[in-house]
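What follows is a set of notes on a single structure, which appears directly below.
Reminder, nothing fancy here: chain letters follow the sequence lines and each chain counts from 1.
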Protein chains: 2
Amino acid sequence: MSTGHAAFEPPLSDRSTWQAHDRCSIGRAMQVVGSRSAMLLMREAFYGTRRFDDFADRVGITEAAAAKRLRELVDAGLLERTPYREPGQRTRHEYQLTPMGRDLLPAALALMQWGDGYLADDEGPPIVLRHADCGAPVAVEIRCAEGHDVPMHELRAGRPRRG
Amino acid sequence: MSTGHAAFEPPLSDRSTWQAHDRCSIGRAMQVVGSRSAMLLMREAFYGTRRFDDFADRVGITEAAAAKRLRELVDAGLLERTPYREPGQRTRHEYQLTPMGRDLLPAALALMQWGDGYLADDEGPPIVLRHADCGAPVAVEIRCAEGHDVPMHELRAGRPRRG
DNA sequence: AGCCTGACTTGCCATTCGTATAGTCAGGTG
DNA sequence: CACCTGACTATACGAATGGCAAGTCAGGCT
């Protein structure tokens, strides 16, 4: 029983009483953006990429794979495929973020932050994000509604109120 | 060219100048925890699960799949396989979080939060997390080192300083 | 009318992810 | 010493993921 497994202990260490297999939001989220290419396409969308070929090129996957994943992301509601026209060009379609897609940003940044910390090579992380207003580097943090930073061992899990 | 693609614009909208394909931390992170089962196993680890069979049962995957993923997570450094002994029981092994694994928590919670918001069913999310000290619900947020909340449109990406 | 380009689609193949079923192995208990 | 249990391993198979190469299609340009 050693030490140091800290999280979520008191109310939920007997996890066997609440089988959340299929209802778990992490599981559901992973079904939507749980492939490398899907999350990378979302990264490109965050960077402002909108055109099909750019998605495929920048993510580094084939057009076939990009087409399939983009369609799934559109179907799931993270991206919207809308027509647009550049002057002197014919009408094309662009993929742009929906609110649902935009709200995935914290998850993407959290993964990036973790990868920066543990998976980067000698050169360090390829990019850093800063706050436009003050120039300070940004980070993903866990906080409560009262504004406290919440370390892992201060987290408690419970059932939501019905209503 | 429509509106609303906000993020990371000024310094990086010409994304084609910095090919980060293989160095991207999101991509690297997804290679490690980019399968549904891997992330779900980490979820269980956060909940305090430590025994092999419990991992397989609670995640809802076969023992074969659990064995393979757990071995990968150990090799990658997110979990550690250590011997332990319960009184009157023989020596067994448990999988416990390393610091690297623990630091994945924000990413897992960000996914959970996103899933709660967009993928939950009529019953709503199965669990909510609260701050042990004050009881307030917790959330994953993007903030800068100066303590400001950073909305997506105030993010800027840049190359890190060398040295 | 024919060409070109961006945006896909189609076919085939390799790898990975996951399932189901059936072993194996170590060590404590009766 | 035979049995049981927890923790795996082995084999076989199906489904999803992704690559490569080639084909399609619409519409503006010459």
Any B/Arg51 side-chain nitrogen or oxygen under 4.0 Å from OP1 or OP2 of D/dA7: yes

Between C1' of D/dC8 and CZ of B/Arg69, the distance in whole Å: 16 Å

Distance-minimising heavy-atom pair for B/Leu79 and B/Ala45: CD2-CB, 4.0 Å

Sugar-phosphate only, base, or nothing, as touched by A/Ala64 at under 4.0 Å among non-hydrogen atoms: base

Salt bridge present between B/Arg28 and A/Asp121 (N-O < 4.0 angstrom): yes

Distance, rounded to the nearest Å, where B/Arg71 contributes CZ and D/dC8 contributes C1': 9 Å

Sugar-phosphate, base or nothing in reach of A/Phe55, heavy atoms under 4.0 Å: nothing

Interatomic distance where CG belongs to A/Asp57 and C1' belongs to C/dA7 [whole Å]: 12 Å

Nearest-nucleotide comparison on DNA chain D, the residue closer to the 5′ end among A/Thr91 and A/Ala38: A/Ala38

Given D/dG18, D/dG6, D/dC8, the nucleotide with the shortest approach to the side chain of B/Arg92: D/dG6

D/dG6 OP1/OP2 closer than 4.0 Å to side-chain N/O of B/Tyr84: no

Exercise: do B/Asp54 and B/Thr49 side chains pair donor with acceptor under 3.5 Å: no

Test item: B/Met100 and A/Leu119 side chains (from C-beta on) under 4.5 Å apart, heavy atoms: yes

Between C/dC8 (C1') and A/Leu73 (CG): distance, integer Å: 16 Å

Among C/dC8, C/dC17, C/dA20, the one nearest A/Arg81 by side-chain distance: C/dC8

Nearest-Å distance for atom pair CD/P, residues B/Glu94 and D/dG6: 16 Å

Whole-Å gap separating P (C/dT21) and CD (B/Glu63): 13 Å

Interatomic distance, A/Leu70 CG vs C/dC8 C1' [rounded to whole Å]: 11 Å

Touch class at under 4.0 angstrom, heavy-atom based, for A/Arg90 against every strand present: base

Between C/dT19 (C1') and B/Lys68 (NZ): distance, integer Å: 12 Å

Proximity to the side chain of A/Ala67 - top-ranked nucleotide from D/dC20, C/dC8, C/dA7: C/dC8

Sugar-phosphate, base or nothing in reach of B/Ser37, heavy atoms under 4.0 Å: sugar-phosphate

Mutual orientation of the aromatic rings belonging to B/Tyr95 and B/Phe55 [parallel < 30°, tilted 30-60°, perpendicular > 60°]: perpendicular

